[in-house]
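On a predicted model such as this, the values are computed, not experimentally measured, just so you know. Order of the sequence lines fixes the chain letters, A, B, ..., with proteins taken first and strands second; residue numbering starts at 1 for each chain.
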Amino acid sequence: MSNASAKKKRKLEETVDTPPTRVDDKTLVLISDSKKPKSDRVTKLKSKFGLLKKKPSDFDPEKVSCWEKRERVPFMFLSLAFDLIAAESGRIVITHILCNMLRTVIATTPDDLLPTVYLAANEIAPAHEGIKLGMGKGSYIIKAISEAFGRTESHVEQQYTQLGDLGLVANGSRSSQTMIFMPKPLTVVKVADTLRLIAKESGKGSKDKKKDLMKALLVATTDCEPLYLTRLLQDNLRLGFSRQTVLAALGQAAVYNEEHSKPPPNIKNPLDEAATIVKEVFSMLPVYDIIVGALLTSGVWNLPKTCNLTLGVPVRPMLAKATTRVDLILEKFKDTVFTAEYKYDGERAQIYYMEDGTVEIFSRHAERNTGKYPDVALVLSRLKKPTVKSFILDCEVVTFNREKEKILPLQKLHDSFEEDLGYFQFATALTSNDIGELQEFLKASIDIGCEGLMIKSLYSNATYEPAKY
DNA sequence: CTTGTCTGCCCC
DNA sequence: ATTCTGC
DNA sequence: GCAGAATGGGCAGACAAG
């Protein structure tokens, strides 16, 4: 063997996780994945991960982890937690498992909490950053799977139609595949980082690069990892939980890991309370990076202080509820003063005006639409009164024929903005509880091209709250 | 370049 | 967006 | 009754293929 190849060989063995069979210089032993002995690590993990299902009060993170403190969390750990959740349907148990899983990460490798949360929520970046995988659920993932596991595309496709779950196809292809080496174990950070790399790839040749990155992850998977990696790539974990459950679990996990402050004495159920806090904070500032960071450094009870509405980061817009008849409104609001506003048929827009004059416009789903409405961005600084330095507007952008309609002002906001017909107007509103008047108003709104009415409480304790989703 | 295929925290 | 489901 | 998950059609934009 030449010097160069000997060196290569050594390098290779270093990265191999406990070769299941001795591999000498002359023979390559082919080992079927289903027959080979599992590495100690995996065996150990598998024998213990059932503990995650224990009630959080009886759970000890030290007993389940079998990696060193500050060592990167294995992707296998997350996959096994997912596997445990797959057998459950109740959200309470699922939350317990997620909570225990996150606690284990906090107790061993807090640096990995953020990527773990991202993967558990099946997200890759804050919504407003607009970073998406950009390869759908079909062809390119199929291509990656077939290349990674040595199948023809048509074979994978056929299995897909048969099983209805590409993850299961990946699992099956992997377990029957003959492997030469055990791959180096995947870590949670590695997967999270690679998902970002895949998302960032764009332009000519990007699809192939995305596919190759997926392939590189797939070939490193073992056991149940192909299933969950594939589903992560498809943006569909199919485990019966999503972001809200992860946020709740994160809050609960933080309670158990509380080093920074004790729960305020008046709180009856700290676990529920912490879950609510994390969910609410996320509605105000939907950025895991900031929330997880604040959680680790100053604790869950300080979260409302450390994470606030931030200029430039879109909140979850408050959502309306649909109703079909005007009399149902009166029923619902019978003890309340309310107003009805035209529900303009346009696009929801959340406009941020920063102190330096910068404008950002986001859609209902936090898509960055700033470039889409250059005229809106321009007109804002003109209409804003000089005393106003920064603001957030939640509004509806519509196309408008300036030669026609005229519009009535809503008083409250009038102090801060000048209206300009056809450029910036307040919603036409009626404050009344007369059914005939409301009926008439509804009709009028439809006549000028609106979709109906929005009903809002006018009580002083009524608030604008971000949607809890 | 033109044409075709595939995508989307889509839902305009 | 609408429809379905489990709590 | 509610929140959360699952599902579907349509259209504009991105990228690949020729």
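Of the candidate nucleotides D:dC15, D:dA16, C:dA1, D:dC15 has the atom lying nearest to any side-chain atom of A:Ser202. Listed candidates were D:dA5, D:dG4, B:dC11. Nearest to the side chain of A:Phe241 is D:dA5. Closest contact between the side chain of A:Ser242 and the listed nucleotides D:dA16, B:dC10, D:dA5 involves D:dA5. Here the nucleotide nearest the side chain of A:Ser206, chosen from D:dA16, D:dA5, B:dC10, is D:dA16. Checked against D:dC15, C:dC7, C:dA1, the side chain of A:Ser89 finds its nearest nucleotide in C:dC7. In this structure, of D:dA16, B:dC10, C:dA1, it is C:dA1 that holds the atom nearest to the side chain of A:Arg364. Side-chain proximity of A:Asn236 to D:dA6, D:dA16, D:dA5: nearest is D:dA6.
Comparing the C1' positions of B:dC12 and D:dA3 gives a spacing of 26 Å, expressed to the nearest Å. Distance check on atom C1': B:dG8 versus C:dC4 gives 23 Å, rounded to whole Å. Comparing the C1' positions of B:dT7 and C:dT5 gives an interatomic distance of 29 Å, to the nearest angstrom. C:dG6 and B:dC6 have their C1' atoms separated by 35 Å, with the value rounded to a whole Å.
Side-chain contact between A:Arg231 and A:Asn236: absent, with no pair of heavy atoms (C-beta onward) separated by less than 4.5 Å.
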Dot-bracket for DNA chain D, 5' to 3', counting Watson-Crick or G-U wobble pairs under 3.5 Å, with [ ] for crossing pairs and | for inter-strand pairs? |||||||||.||||||||
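Under a 3.5 Å cut-off, the side chain of A:Arg238 and the backbone N or O of A:Asp165 do not form any donor-acceptor pair. Looking at A:Arg174, its side chain does come within 3.5 Å of a backbone N or O of A:Thr221 through a donor-acceptor pair.
Contact between the side-chain N/O atoms of A:Arg91 and the OP1/OP2 oxygens of D:dA5 is not found at any separation under 4.0 Å. For the pair A:Ser139 and B:dT7, the criterion of a side-chain N or O lying under 4.0 Å from OP1 or OP2 is met.
Distance A:Leu233 CG to B:dT7 C1': 16 Å, rounded to the nearest Å. Between the P atom of B:dT5 and the NZ atom of A:Lys204 lies a distance of 18 Å, rounded to the nearest Å. Following rounding to the nearest Å, A:Ile198 (CD1) and B:dT7 (P) show an atom-to-atom distance of 14 Å. The distance from atom CE of A:Met135 to atom C1' of B:dT5 is 17 Å, rounded to the nearest whole Å. Across the protein-nucleic acid pair, A:Phe282 atom CZ and D:dA3 atom P stand 18 Å apart, rounded to whole Å. Rounded to whole angstrom, the span from the CD atom of A:Glu367 across to the C1' atom of B:dC12 amounts to 12 Å. Whole-Å rounding puts the A:Phe362 CZ to B:dC10 P distance at 15 Å. A:Leu98 places its CG atom 15 Å from the C1' atom of D:dG4, with the value rounded to the nearest Å.
Atom NZ of A:Lys53 sits in a sparse spot, with 12 or fewer heavy atoms from other residues, nucleotides or ligands closer than 6.0 Å.
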Determine whether A:Tyr228 and A:Asp83 satisfy the following criterion, side-chain hydrogen bond (donor to acceptor under 3.5 Å, both in side chains), listing intermediate values before the conclusion. CA-CA 9 Å; A:Tyr228 297 109; A:Asp83 231 22; 2.6 Å; yes
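Cation-pi check for A:Arg196 over A:Tyr118 is met; the charged atom lies under 6.0 angstrom from the ring centroid and within 45 degrees of its normal. With a 6.0 Å cutoff to the six-membered ring centre and a 45° limit on the axis angle, A:Lys143 counts as a cation-pi contact of A:Tyr140.
Note on A:Gly130: nothing from the nucleic acid sits closer than 4.0 angstrom, heavy atoms only.
Here the CZ-NZ distance, from A:Arg72 to A:Lys190, works out to 12.0 Å after rounding to the nearest 0.5 Å.
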